[in-house]
Each structure stands twice: as structure tokens, then as C-alpha cells.
Amino acid sequence: MKPIISTILVCVFALAMKAQTVTSPNGKLTAKIIENKLVIDYRNQKVLELANVPYSTLNFVKKVKDDYQMLEGKRLHCTNQANEYQASIGPDAKIVMRLYNDGIVFRYEYTNLQNSKVPTEQTAYVIPEGTKRWMQQWSDGYEGFFPLSTTANVKTLGGFGGATEQKDINTHWGYPLLMEPAEGVFALITEANIERRQSASSLFNKGEVFSVKQDQNDLLLTGDWHTPWRVVIIGTLADIVQSTLVTDVSEPCKLTQIAWIKPGVVSWIYWAYNHGSNDYNIIKKYVDMAVMLHLPYVLIDAEWDEMDKIASNEGKTIEDAVAYANSKGIKPLIWYNSSVGWVNGAPGPKYRLNKPEDREKEFAWCEKIGVAGVKIDFFSGDNQLNMDYCQDLLESAARHHLLVNFHGAPIPRGWQRTYPNLLSTEGVYGAEWYNNVPHFTKKAASHNATLPFTRNVIGPMDYTPCAFSDSQHPHITSKAHELALTVLFESGLQHLADRPESFLSQPQEVQTFLGKLPTAWDETRYVSGYPGESVVLARRSGNTWYVAGINGSDNANTLATNLRFIGKGKAQLFADDASGQWQISSISKLPAQVNCQPRGGFVLVVNK
């Protein structure tokens with residue numbers, strides 16, 4: 001009998017090893033290794049599966065506590081906890097995994113590399129057909145939609161602005177990817193903490209298997225090296241929206257002085273005048289608007305280097321425009337072409353930032369003449385050269401006290417914590433597309449109601465919201481919908497899209513609202529909504545709560561607004577009626593719901 005007993009014990013031991021369970025500190029998340037698969041559960045419901053994991057056990061290492069301050073974002077004081085585990089995946093390689101209270105992160109670490117190519121990664125997420133998901137087709141600028149689907153068999157969108165459906169099936173997806181594996185349970189897949197010598201990654205699928213593939217990295221590595229963190233935020237929609245997991249696992253602030261970094265609202269020329277930044281008189285109009293609305297910043301966009309060539313400017317240059325803004329107490333930001341993406345046929349100034357010596361000279365000149373920040377545009381994707389270049393730009397800009405907005409750039413992956421002078425990043429299909437294509441008009445409302453659950457979860461988003469008039473193509477979202485976007489969409493630099501005469505013709509209450517609008521928040525709360533249908537969020541700045549909601553549908557809708565966590569307080573309500581006109585009122589009791597017009601919205605400003 002002894003041999004049989006021994007065999008049974010070995011089998012039981014093997015099964016126990018396969019079913020090893022690791023947990024988050026609050027116990028809501030668990031992960032089990034079963035037959036070379038990592039199965040992740042939330043409250044005993046299966047959320048996600050990783051296929052072909054190269055380890056059979058995970059050893060507990062330590063408890064992790066994150067507690068840090070941000071200068072902008074959905075929450076200024078961020079805290080989180082995790083249990084950290086490790087497993088060997090080779091002689092000089094291991095996986096480090098953390099189960100946080102709101103998600104799971106892991107990365108691969110290597111030692112003793114000797115002039116080696118970047119190791120091939122094996123991460124593969126399994127997303128079964130039939131699972132609801134909101135996925136963005138990859139592009140180097142991450143400017144796409146997140147349509148609801150239950151399949152990966154989606155035809156590729158081509159043409160300018162993704163307007164044309166192609167015959168082939170798309171297999172390349174950008175972060176973040178949101179899925180609902182069980183009713184009311186969500187998982188958002190992304191990555192965080194891109195460091196030097198690393199490229200970013202994206203997802204390629206074959207059927208139900210979505211593999212992580214790092215972008216081009218031609219370096220030969222010696223010594224120690226690791227991948228960025230692979231991140232999956234898990235829980236309810238409130239957990240997804242309120243999570244700071246991307247910055248939790250990113251490198252702490254590398255800047256020694258940060259008092260000069262001030263988030264704020266910006267008047268912005270391009271949406272109404274896409275060649276207007278070479279016109280000194282148009283720039284003056286936007287500076288004067290910033291003065292009247294009490295905005296701190298004005299952005300002088302592309303082609304400012306051609307200002308002296310415009311006869312009506314009478315010899316005025318960018319230095320004159322910057323001086324005019326500063327004389328009015330408005331801090332100017334100016335635009336640059338990164339000169340690594342779209343160069344030929346693109347606007348300038350070009351080739352001023354690529355070489356270290358040129359970059360230092362240019363940023364020193366900006367600092368000298370009184371420029372407060374730079375918008376840098378037209379990058380070329382997720383490759384290692386781009387990632388290092390972005391960090392070079394951030395560090396050089398910080399030395400000269402310049403704020404940074406990356407445009408035409410990959411999504412944020414945690415640099416907003418490491419380099420807090422990075423106050424915004426585009427990486428979104430935003431309002432400037434009204435300049436380009438007609439099909440955004442009908443898609444905008446639903447798209448806007450999706451972004452708080454997808455793109456904006458992972459970091460600041462330069463959507464450039466709030467247009468009451470039309471650009472080249474009209475918008476059919478209501479005025480209150482547009483105003484709500486300034487609260488719903490988090491960005492350390494919030495660029496207002498519309499033209500001066502439109503803003504200054506709005507009711508005084510709206511103008512006052514824009515002049516007091518915060519762009520950094522002490523707290524963010526999910527209130528209600530569902531991706532693509534509607535969303536209501538509450539954000540607190542000091543003792544004032546801003547509650548904003550939008551209707552993403554073409555039908556009237558009632559949005560739930562359970563605001564018991566705010567308590568009592570007097571509020572100002574911005575809404576719209578059936579004719580599209582403003583309804584602005586003072587209320588003494590916070591509503592339990594708000595009726596919204598088709599593609600409408602509302603904002604509540606609650607003073608405690």
C-alpha cells in the first residue's frame with residue numbers, strides 16, 4: 001500500500017501547487033496558477049486569464065504601501081496597498097507580481113545580460129468571444145474610438161480619422177482596453193512606468209489571445225534590465241474610474257523643485273483658427289479673452305515662427321506676442337514640432353529640439369523671454385527612441401521651468417508622477433477632429449461618454465473641450481454637455497476650444513465658471529453611468545464639489561446623482577432645455593437625478 005499512498009500524496013501535492021492562490025491586501029482579488037494559466041478573480045468571479053505563464057509558484061516577498069502627492073490628476077494625495085510576489089522564470093530572470101486592492105501589476109526582471117537583445121515577452125491575455133469590450137485600434141497617436149463590441153473580429157478602420165472600414169480584420173490594439181467579463185465587473189488593461197532603454201508595448205491578437213508585444217527597441221542590453229509594469233485595473237466602474245494604479249507603480253518625482261508648476265486653464269487658437277498662431281492680432285484676441293475670463297494661460301500654436309512673414313503683423317514676432325501676453329498677466333505656452341513623426345509637409349518650427357545642445361538653447365531662450373511651457377507635437381509611436389526622447393524633453397524643459405504638453409503622442413504611462421511638469425498628453429480622439437472630418441459630429445456624444453471609463457482613467461487627456469459654436473464641421477452636443485466636459489475630462493492644462501466671441505457671449509455665470517475652473521482635483525468620485533451611454537462624476541477642489549454629467553445617447557435620459565457623500569450645500573446648476581438654451585439656477589437641495597436632453601449634460605457646483 002505504501003507505493004500507492006506515496007503516489008496519491010505526490011498527486012495531491014501537484015494539484016495543490018497548480019492551485020496556489022495569491023491575494024490582494026483587502027482579499028477582493030485573487031490569482032491562481034492552474035495548468036500553466038494565471039486565473040484572476042474578483043470577489044470569486046473570474047475576471048481574466050493569462051495563458052502560458054512561465055512559472056508554477058509565486059513566493060510572497062513583501063507588503064507594499066504607496067503614499068505620495070501629485071500636482072494634478074484625479075486625486076492629489078494617492079494611497080494604495082499591495083502584496084508582492086516573485087517567481088523564477090530562468091537562471092537570470094524572474095517575474096515580480098503585485099496584487100493591489102484595485103488591480104494586478106507585473107513585470108519581468110533580468111540580470112547579468114551580456115550585450116543581449118531585448119528578451120521576448122510571453123504575456124498573453126485571454127478575452128473570450130462574447131465578452132463585452134471597448135478597444136481602440138492602435139495608431140501612433142492613439143487617436144481612435146472605443147466602440148462597444150463582443151468580438152475581436154472587427155474590421156480595420158482606415159482613411160483619415162478612421163472613417164473608412166477596410167476588408168481585413170484588425171489585430172493590433174492600443175491601450176487601454178476595457179472589458180466587462182461579468183456583469184458589473186470590469187478590467188482595464190494598460191501599462192505603466194516607461195523608463196530609459198525601454199519601449200512601450202501594445203496588444204496583438206490571434207482570436208481570443210491578446211499578446212503583449214514591445215515596440216521597436218534595437219538596443220543591446222548589458223547588466224540588469226526590466227520591462228515596464230503590465231497593469232490590469234479590476235473592480236466596479238467606480239474602482240476603474242477612481243484608480244491611481246498607473247501612477248502608483250511609476251517612479252517617484254525626479255524633480256528637486258516643483259513649486260513653479262501650476263496647472264490651469266488655457267485659451268487656445270487652433271480649433272477656430274488652425275493657421276491663426278502666425279497672426280499677431282489673432283493671438284492678441286485670445287490673450288484678451290484670457291484676461292476677461294481670468295484664465296492663467298494662452299497657447300500660441302504651430303507656425304508662430306512665420307509670424308514676421310505676415311504683412312498685417314507689421315514685423316511683429318513671437319517675442320512680441322509673448323511680451324504682450326506677459327504684459328497682460330497671461331502666461332504664454334508655445335508649440336514645437338518634435339521632428340520625429342510628421343515632418344515633411346508639417347508645420348514648424350522644426351528641428352529645434354532634437355539635438356541636446358539645440359534643445360537646451362531653445363528652452364533657455366523660452367525661459368528668457370517669458371514662455372511658461374511648450375506643446376510638442378507629432379511623435380512617431382511607442383518605440384524606444386521616442387520614449388527616451390520624451391524623457392529628454394521633460395528633463396530639459398524642467399531645467400528651464402517649462403510646463404509640457406505632449407501632442408500627437410502616445411498615451412500617458414505614469415510620467416505625470418515622475419515628471420510633474422508634464423501636465424497633459426493628447427493620445428485621444430478629441431475636439432480638434434471637428435476641424436478634419438464630418439463623421440465625428442454623430443459619434444461625439446457616445447465617444448465622450450466612453451472616455452472617462454477608458455482613456456482618461458490612465459492619465460491627463462488633452463481633448464480640448466468646450467465648444468459652443470462650430471468649427472469646420474458642426475457639433476450636435478448641447479451647451480451644457482460641452483461645459484460638463486471641462487470637469488469630466490481631467491487635464492492639468494485644460495485647453496478651451498472655442499473662439500473668444502463665443503465664450504464672451506455666454507451668460508456671465510458661464511464665464512465666471514470657466515474663470516474659476518480647477519484643473520487639479522483633491523478627490524474624484526464615480527457617481528453613475530455606463531461606457532458610451534452616460535457618465536456622472538464628482539470632483540472636489542478644496543471645499544467645492546463639481547458634479548458633471550453627460551448623456552451619450554440621442555434620446556432624453558435621466559442620470560442618477562446620488563450625492564450623499566457630499567452632504568448639504570448650496571449649488572449652482574448648469575443645464576439645458578429642449579430648445580438648446582441654458583437653464584442656470586441656484587438650488588438648495590442636491591437632486592437625486594437630473595433630466596438630460598439628447599446629447600445633453602449638466603454641471604452642479606456645490607459650495608460646502
Side-chain angles (χ1 to χ4, degrees), residues 42 74-75 102 132-136 145-150 176-188 233-244 428-430 443-458 461 463 465-466 477-478 480-491 521 523-540 545-566 571 573-576 590-606:
Y42 172 79
K74 64 184 76 172
R75 183 177 297 108
D102 58 351
K132 289 184 179 180
R133 82 281 305 272
W134 295 261
M135 303 188 298
Q136 174 184 214
F145 295 108
F146 293 85
L148 169 62
S149 177
T150 57
L177 185 157
L178 178 68
M179 53 185 288
E180 186 180 8
E183 186 175 354
V185 179
F186 295 81
L188 184 140
I233 303 171
I234 298 170
T236 64
L237 280 177
D239 294 318
I240 302 294
V241 169
Q242 295 167 195
S243 175
T244 59
V428 67
Y429 201 108
K443 290 187 175 183
S446 178
H447 177 59
N448 294 344
T450 304
L451 291 174
F453 304 106
T454 53
R455 165 60 181 85
N456 212 186
V457 170
I458 61 176
M461 182 178 75
Y463 176 101
C466 198
T477 50
S478 75
H481 180 116
E482 290 293 312
L483 190 70
L485 300 183
T486 65
V487 176
L488 290 174
F489 294 166
E490 181 268 310
S491 178
W521 304 98
E523 185 179 356
T524 294
R525 294 281 194 104
Y526 163 84
V527 178
S528 67
Y530 190 82
E533 297 180 2
S534 67
V535 58
V536 180
L537 301 183
R539 301 191 192 269
R540 179 176 63 83
W545 282 94
Y546 289 74
V547 183
I550 58 172
N551 178 8
S553 77
D554 294 330
N555 301 309
N557 197 0
T558 299
L559 307 188
T561 55
N562 183 348
L563 303 175
R564 284 179 292 183
F565 59 89
I566 294 179
L573 174 64
F574 297 83
D576 34 45
L590 300 184
Q593 59 186 35
V594 174
N595 296 323
C596 274
Q597 301 297 326
R599 303 174 301 280
F602 74 90
V603 178
L604 273 169
V605 182
V606 186

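Just so you know, residue 1 is the first one in the sequence shown, and it goes up from there. Computed from a predicted model, the values in this text were never measured in an experiment. The figures here come from the full heavy-atom set of this structure, side chains too, leaving out hydrogens, waters and symmetry mates.
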Parallel, tilted or perpendicular: which fits the ring planes of W134 and F186, with parallel below 30° and perpendicular above 60°? tilted
Could you check if a side-chain atom of [X] sits within less than 4.5 angstrom of a side-chain atom of [Y], using non-hydrogen atoms only?
X    : Y    : result
F453 : V535 : yes
L237 : P531 : yes
P591 : L604 : yes
L563 : W545 : no
V536 : S528 : yes
Y530 : E180 : yes

Could you tell me if R539 and T524 have a donor-acceptor pair between their side chains, going purely by distance under 3.5 Å? yes
I'd like to know if the side chain of [X] reaches the main chain of [Y], judged simply by a donor and an acceptor atom lying under 3.5 Å from each other, with no hydrogens or angles considered.
X    : Y    : result
H447 : Y429 : yes
D576 : A480 : yes
T450 : S446 : yes
N562 : R564 : yes
T561 : A592 : yes
N551 : Q597 : yes

Could you tell me which residues satisfy ring pair (Phe, Tyr, Trp, His ring centres under 6.0 Å) with F146, sequence neighbours excluded, listed by chain and number? none
Please list, chain by chain and in numerical order, all residues satisfying ring pair (Phe, Tyr, Trp, His ring centres under 6.0 Å) with Y526, sequence neighbours excluded. none
Which one of T244, L537, V241 satisfies the side-chain contact (heavy atoms from CB on, under 4.5 Å) criterion with K74? T244
